[in-house]
Protein chains: 2
Amino acid sequence: MKASAKGMNAIDIIHLHEWRHVFKLDPDKDIGDSALEQICMSGTDAIMVGGSSGITFENTVDLMSRIRRFELPVVQEVSDLDAVVPGFDAYFIPMVLNTTSTEWLVGQHKRAIEQYGYMMPWELIVPEGYIILNPEATAAKVSEANAQLTAKEAAAYAHIADKLMRLPIIYAEYSGTFGDMETVKQIKAAASDAHVLYGGGIATIEQAQAAAAVADTIVVGNIVYDNLQAGLDTVAAVKGSST
Amino acid sequence: MKASAKGMNAIDIIHLHEWRHVFKLDPDKDIGDSALEQICMSGTDAIMVGGSSGITFENTVDLMSRIRRFELPVVQEVSDLDAVVPGFDAYFIPMVLNTTSTEWLVGQHKRAIEQYGYMMPWELIVPEGYIILNPEATAAKVSEANAQLTAKEAAAYAHIADKLMRLPIIYAEYSGTFGDMETVKQIKAAASDAHVLYGGGIATIEQAQAAAAVADTIVVGNIVYDNLQAGLDTVAAVKGSST
């Protein structure tokens with residue numbers, strides 16, 4: 001899992017294209033050692049660390065070091081430059097395709113690059129084309145997204161991410177609610193090369209399977225804090241199946 | 001020059017990576033047959049067809065068909081969806097990195113994709129990451145660009161284009177004035193893979209050589225309408241040199 005292996009980039013090192021299931025853990029939420037061990041030993045493909053609010057260097061480094069006791073890939077999804085912690089296998093950088101503000105598409109990225117300069121670890125950076133689809137979500141409000149999209153509009157953004165911007169990941173984000181699977185299906189159909197992540201509201205085996213049938217990878221988050229066993233059950237629900 | 005050759009995409013067909021010099025011709029400006037012949041036979045690597053205003057289907061198809069009598073690649077730089085003309089070797093699609101409006105980065109592109117749907121000729125489409133650097137230019141005003149950039153800021157946008165968005169072209173655009181070569185040099189230094197075009201105010205052999213020393217390709221435009229011979233002289237000035 002060491003990201004320094006010569007001749008490989010982060011996408012290969014974390015085996016992104018084999019991911020079917022990942023857990024997303026929020027540094028701002030408490031999780032006990034036993035729960036964390038069950039999550040990391042569940043058979044999931046990787047852990048993503050990130051959240052929409054309350055993310056600090058301290059709570060991120062604490063969570064990362066606890067996850068590091070296990071063998072699976074750990075990536076940070078960067079929402080705040082001050083909370084970037086060295087030692088992850090990769091850094092996922094959201095670019096919000098359906099924002100109404102250039103800040104969330106290229107603006108913050110530009111300032112980060114100016115600040116880091118030649119220290120920028122490009123080989124560890126994986127840009128994600130976010131399509132935010134739940135207008136009520138904090139992520140939609142913070143990023144000023146026009147999240148009220150038809151399936152056709154969402155697919156058009158997916159084409160931009162895949163064919164114009166050639167982003168390695170498209171993230172269909174329903175954060176907080178289970179989404180419209182027809183929309184996710186059309187996003188996936190538009191993505192010739194990009195790997196499609198689905199996130200939002202997965203709480204049952206049936207939802208996990210429905211999302212896994214249309215996306216390449218499902219991201220399971222909040223449920224592990226509310227009902228750990230239900231969260232763990234989503235792993236077996238999808239790891240046997242294939243798209 | 002036929003774009004339908006199997007297994008090749010537009011970038012290979014037009015030999016983009018060998019371009020040192022191109023002329024950009026504006027369908028809204030008159031050019032005589034003799035002048036056009038001298039331009040097309042000058043030894044330039046390609047002709048770009050496009051402009052900032054007054055571009056229609058009719059004046060574009062007229063100019064294209066006249067250029068088509070010659071052997072060199074001809075590409076359309078698309079500024080208005082209604083003026084897209086079939087028959088070019090490639091279609092360059094500007095994405096303005098330093099715009100303050102998402103319209104010029106992804107918004108118009110999204111609507112075009114919705115409109116064309118499955119008819120979109122992706123294999124002919126070449127996205128260009130535009131960095132607009134002359135605040136007085138029509139292009140800067142139309143695209144609501146924050147064109148007052150330091151060299152470091154311009155280089156940060158070039159990193160975004162090259163490493164996050166993986167665009168094949170970065171276009172350093174000073175439209176109407178000869179630019180700051182140190183800024184162009186830093187853009188080029190930031191571009192690991194992207195091909196760097198420089199455009200703006202080239203009117204002399206010295207300017208052509210100065211721009212060719214820092215960019216991969218120089219784009220020569222307005223001068224051919226004002227002083228044809230001066231424009232033609234820029235070809236020999238750079239075609240012998242190498243970056």
Side-chain angles (χ1 to χ4, degrees), chain A residues 9 92-118 120-129 131 143-146 149-169 186 189-190 192-194, chain B residues 9 92-118 120-129 131 143-146 149-169 186 189-190 192-194:
Chain A
N9 69 21
F92 284 10
I93 310 290
M95 302 178 82
V96 181
L97 296 158
N98 59 326
T99 179
T100 59
S101 162
T102 55
E103 269 301 289
W104 299 91
L105 198 41
V106 297
Q108 297 176 353
H109 315 68
K110 165 184 167 269
R111 288 197 301 279
I113 295 165
E114 285 180 81
Q115 184 177 324
Y116 273 71
Y118 288 101
M120 200 80 177
W122 289 111
E123 71 285 3
L124 300 183
I125 286 173
V126 182
E128 302 174 291
I131 306 173
S143 67
E144 302 169 56
N146 172 20
L149 299 180
T150 64
K152 192 176 175 186
E153 286 180 291
Y157 281 120
H159 275 300
I160 290 173
D162 183 76
K163 298 186 184 63
L164 296 184
M165 298 168 67
R166 291 193 286 171
L167 302 179
I169 291 175
Q186 292 202 26
S192 307
D193 295 311
Chain B
N9 70 19
F92 283 11
I93 311 290
M95 302 178 82
V96 181
L97 296 158
N98 59 326
T99 179
T100 59
S101 161
T102 55
E103 269 301 290
W104 298 91
L105 198 40
V106 296
Q108 296 177 353
H109 314 69
K110 165 184 167 266
R111 288 197 301 280
I113 294 165
E114 286 180 81
Q115 185 177 324
Y116 273 71
Y118 289 101
M120 201 80 176
W122 289 111
E123 71 283 4
L124 300 182
I125 286 173
V126 182
E128 302 174 291
I131 305 173
S143 68
E144 302 168 56
N146 172 20
L149 300 179
T150 64
K152 193 176 174 185
E153 288 180 289
Y157 280 120
H159 275 299
I160 291 173
D162 183 74
K163 299 187 183 64
L164 296 184
M165 299 168 66
R166 291 193 285 174
L167 303 179
I169 291 175
Q186 293 202 26
S192 307
D193 295 311

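Just so you know, these numbers come straight off a predicted model, no measurement behind them. In what follows, every heavy atom counts, from backbone to side chain, and hydrogens, waters and symmetry copies are set aside. To find a chain, count down the sequence lines: A is the first, B the second, and so on, and within it residues start at 1.
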(message) To the closest 0.5 Å, what do you measure between CG (A/L149) and NZ (B/K110)?
(response)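 Nearest 0.5 Å value for the CG-NZ distance: 6.5 Å.
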
(request) Give the minimum heavy-atom separation between A/E114 and B/E153, together with the two atoms involved. (result)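 It is OE1-CG, 3.3 Å.
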
(request) Considering non-hydrogen atoms only, spot the tightest contact between A/T100 and B/T102 and give its length. (result)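 Reported closest heavy-atom pair: C-CG2, 3.8 Å.
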
Contact origin within [X] toward chain A - heavy atom pairs under 4.5 Å:
{"X": "B/S101", "value": "backbone"}
{"X": "B/I160", "value": "both"}
{"X": "B/L164", "value": "both"}
{"X": "B/M95", "value": "side chain"}
{"X": "B/E103", "value": "neither"}

(request) Let me know if A/L167 has heavy atoms under 4.5 Å from chain B in its side chain, its backbone, both or neither. (result)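 Both backbone and side chain.
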
(message) I need the residue from A/K163, A/H109, A/M120, A/R111 with the largest number of non-hydrogen atom pairs under 4.5 Å to chain B.
(response)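 Heavy-atom pairs under 4.5 Å are most numerous for A/K163.
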
(request) Among the options A/V126, A/N98, A/V106, pick out the one with the most heavy-atom pairs lying under 4.5 Å from chain B. (result)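 Ranked by heavy-atom pairs under 4.5 Å with chain B, first place is A/V106.
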
(message) Contact between A/R166 and B/P168 at the side-chain level, heavy atoms closer than 4.5 Å - yes or no?
(response)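 A side-chain contact under 4.5 Å exists here.
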
